[in-house]
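Structure first, then comments.
Remember, it's 1-based here, ligands and their atoms both numbered in the order they're listed. Each residue takes its place number in the sequence, starting with 1.
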Amino acid sequence: MASPAKVRKVAVLGSRAVGKSSLTVQFVENHFAETYYPTIENTFTKPIRHPTTHHEYMLEIYDTAGQDEYSILNSKHALGIHGYMLVYSVASRASLEMCAVVRDKILNYTGMEWVPLVLVGNKLDLHQSRQVSTEEAQKLAKEWNCAAVECSAKLNQGVAKAFETMLMEIEKQTGGDSEPPKKGCVIQ
Ligand SMILES: Nc1nc2c(ncn2[C@@H]2O[C@H](COP(=O)(O)OP(=O)(O)OP(=O)(O)O)[C@@H](O)[C@H]2O)c(=O)[nH]1
């Protein structure tokens, strides 16, 4: 009998209305809704294959309510999480700035200097109203030693790649170990 796929837990974080739910729903259920319903908290699961090792994993995706500078990162955002997708809209500079705030909170909360992280620029289809260039996001990702991707949940462009990149970032670090890194103390 085949051994069960390894579970990898991913939290999707970022400002309100950047498309966290749309991205997740497009990836898991292959559809897109124009109507905006603010998320409270949702969990999704989907099998995924590592693009280079071709090993199969089960992704557990935590779609969160949008964060702002006053949100407190709670244990649900950090406990047992293997990787973080920090989502911004390419049409909103403020939402990119929020990714930096959220990243600081993750590092503070986990006590880590580095965690597997993907900077995800969504709403790539909004060419006319772009406020964040690809180069700027890549530069930031380099500073943070993380990956950067751009996508459109609406057009289903780059969506699967965003999650595959997340898996690769996680596996780069765990090297196949199923436990997320532990350091410092995590207050519950
Ligand atoms: N043009 C465009 N609109 C998008 C895209 N992704 C999401 N949207 C729209 O943006 C709005 C917000 O999308 P959500 O997925 O609900 O955003 P969210 O980040 O989950 O929002 P919160 O739950 O409040 O944090 C909705 O009206 C979506 O239809 C995209 O790729 N392109």
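- Relative to the ring axis of Y62, K9 does not place its NZ or CZ within 45° and under 6.0 Å from the centre.
- Judged by distance alone, the side chains of N122 and S89 never bring a donor and an acceptor atom under 3.5 Å apart.
- A salt bridge links R8 with E171: at least one charged nitrogen is closer than 4.0 Å to a carboxylate oxygen.
- With respect to the salt-bridge test (charged N to carboxylate O, under 4.0 angstrom), the residues E169 and K172 qualify.
- Taking a cutoff of 4.0 Å between a charged side-chain nitrogen and a carboxylate oxygen, E56 and K6 do not qualify as a salt bridge.
- Sorted by chain and number, the heavy-atom contacts of ligand 1 below 4.0 Å come from S15, R16, A17, V18, G19, K20, S21, S22, F32, A33, E34, Y36, P38, T39, A65, G66, N122, K123, D125, L126, S152, A153, K154.
- Hydrophobic cluster membership differs between F32 and V149, with clusters built from Ile, Leu, Val, Met, Phe, Trp and Tyr side chains linked at under 4.5 angstrom.
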